[in-house]
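Source: prediction; values computed, not measured. As the structure lists them, so they are numbered: ligands from 1, and atoms in each ligand from 1. Side chains are part of it too, since the values below use all heavy atoms of this structure and drop only hydrogens, waters and symmetry mates. Counting from 1, the numbers follow the sequence of the chain as shown.
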Amino acid sequence: MDQQLQLNDFLEKYSQGGPLELRVAAAIDAIAAASVSLSQKISKGALDGITGEATKGQERNADGDVQKDLDVYADRVLREHLQRLPLAAFASEEEVNLEIRDPGASICIAIDPLDGSSNIEANMSVGTIFSIVRTPAEVSAAFSLAGTNQLAAGFVVYGPQTSLVLTTGDGVDIYTLDDSDNLYKRTRSRVTIPASTSEYAINSSNYRHWEVPVRTYIDQCLAGSDGPHEKNFNMRWIGSLVAEAYRILTRGGIFLYPGDARDGYGEGRLRLVYEAHPMSFIMEQAGGGASTGRERVLDIAPRSLHQRIPLIMGSVDEVRYIEELHADFGARDGMSAPLFAKRGLFRV
Ligand code: AHG
Ligand code: MN
Ligand code: MN
């Protein structure tokens, strides 16, 4: 077990790096404090009015998702905890526009206050995702920059344990909330994702809508030891990005939410600014990969705040192989794919 370094100790040390690090540390501390409050609320569920039902007016967020009671509650709790911090801009999945606050402040924050909303009433793991970027010269462009501009990223999983996964650009650590003193204590440091895997996660009900390279990859996984990978695969699909990511950080794996032919899903379901960018930063910092299938997610600058993006992330060898499949099959109109094409010998 790690020497139980507390998150506070890490943030105290990190904040000594300079004025920018001081602001980033304060933001992470505020998000962690909000997550303690959310963890307590979520663990009570219906006993504390959390039903997972849609809000009274069936309000929808900017992306068209019906807002659940916990989506709105989590957004409010995080806002309250971040209110007193000097932030230049703030963005949330649950708000249409970014909020310009103090343009002279050095950082901006984007959040997915409650990830995995469809799991709330099912008592499955849900989470909070955050991305912290340096304020650009033009504050309104805060969330129009490539993901490589992030200063820190993390997520909290409200599951059997409440755990906070964090990167400030120097590896990935995992902190677990000790409910005896409500302190986050480091349980894993410098997490490394195994380069290869035998476990994939995808919503297979969309099979008929996928592009050829994705179908080919999943067909090859299903072919198991009779297929080009010459090994059997396991499948998981939790419906909470945070839970899938946590599993991948724990034992490797590949997660795919590709674009597909459904209306509105051409770029998949996940949002670039507050889901794919932070997750991709974490995956790469843990030695994994994160791609659309055609390009590195962190290289992509958002066209709009709630822009969706295909996300393929996890064990780096698998991400690279899926990119090869996309490259082999050409552009979007893809050609028919030899199901059992020999897997590339030179896996970069
Ligand atoms: P959110 O609840 O913030 O909208 O995110 C849900 C996302 C992600 O967490 C999960 O992987 C994915 O939606 C599940 O999508 P499907 O319901 O289409 O499987
Ligand atoms: Mn989400
Ligand atoms: Mn959400």
Problem - Val165 vs Val172, side chain to side chain contact (heavy atoms under 4.5 Å, CB included): CA-CA, chis, key distance, verdict - result: CA-CA 7 Å; Val165 176; Val172 174; 3.6 Å; yes
Exercise for the section: Give the single entry among Asn119, Leu70, Asp115 that approaches atom 5 (O) of ligand 1 most closely by any heavy atom. Expected result: Asp115
Practice task
Tell me, please: is Leu114 in heavy-atom contact with ligand 1, that is, under 4.0 Å?
Solution key: yes
Fill in the blank from the handout: ligand 1 atoms nearer than 4.0 angstrom to some heavy atom of Leu270 are 7 (C), 8 (C)
Exercise for the section: Could you tell me whether Asp260 and Arg208 have a side-chain N and a carboxylate O separated by less than 4.0 Å? Expected result: no
Practice task
Check whether NZ of the Lys or CZ of the Arg Arg101 lies under 6.0 Å from the centre of the six-membered ring of Phe90 and within 45 degrees of that ring's axis.
Solution key: yes
Exercise for the section: Specify the closest pair of heavy atoms between Leu166 and Leu164, including all atoms of both residues, with the distance to one decimal. Expected result: CB-CD2, 3.7 Å
Problem - Asp71 near ligand 1 by a heavy-atom separation under 4.0 Å - result: no
Practice task
Verify the distance test for Glu93 against the Mn ion (ligand 3): any N/O/S atom under 2.8 Å, yes or no.
Solution key: yes
Fill in the blank from the handout: Contact region, Leu241 to ligand 1, non-hydrogen atoms below 4.0 Å, reads both
Problem - Sub-4.0 Å atoms of ligand 1 with respect to non-hydrogen atoms of Glu93 - result: 3 (O), 4 (O)
Practice task
Give a yes or no answer on whether the side chain of Glu21 reaches the backbone of Ser15 with a donor-acceptor pair at less than 3.5 Å.
Solution key: no
Problem - Contact check: Leu114 to the Mn ion (ligand 3), N/O/S below 2.8 Å - result: yes
Exercise for the section: Could you tell me which N, O or S atom of Glu275 is nearest to the Mn ion (ligand 2)? Expected result: OE2
Problem - Lys/Arg-Asp/Glu bridge criterion (N-O < 4.0 Å) met for Glu211, Arg294 - result: yes
Practice task
Answer with yes or no whether the side chains of Thr135 and Ser106 bring together a donor and an acceptor at under 3.5 Å.
Solution key: no
Practice task
Could you check if a side-chain atom of Ser240 sits within less than 4.5 angstrom of a side-chain atom of Val157, using non-hydrogen atoms only?
Solution key: no
Exercise for the section: Consider ligand 1: state whether an atom of it lies below 4.0 angstrom from any non-hydrogen atom of Arg271. Expected result: yes
Exercise for the section: Mark up the atoms of ligand 1 that fall under 4.0 Å of a heavy atom belonging to Asp112, in ascending order. Expected result: 3 (O)
Problem - Part of Ser117 within contact of ligand 1 (heavy atoms, under 4.0 Å) - result: both
Handout entry: ligand 1 contacted by Ser240 (non-hydrogen, < 4.0 Å)
Key = yes
Practice task
State, without any angle test, whether Asp178 and Ser180 hold a side-chain donor-acceptor pair at a distance under 3.5 Å.
Solution key: yes
Problem - N/O/S atom of Asp112 inside 2.8 Å of the Mn ion (ligand 3), strictly under - result: yes
Practice task
Output the list of atoms in ligand 1 that are nearer than 4.0 Å to some heavy atom of Glu275, sorted by atom number.
Solution key: 3 (O), 5 (O)
Exercise for the section: Would you please say whether a donor-acceptor pair under 3.5 Å links the side chains of Ser205 and Asn203? Expected result: yes
Problem - Numbered atoms and elements of ligand 1 in range of Gly116, under 4.0 angstrom, heavy atoms - result: 1 (P), 2 (O), 3 (O), 5 (O), 6 (C), 9 (O)
Practice task
State the atom name: nearest N, O or S atom of Asp115 to the Mn ion (ligand 2).
Solution key: OD1
Practice task
Would you confirm whether the ring centroid of Trp237 sits within less than 6.0 angstrom of the ring centroid of Phe255?
Solution key: yes
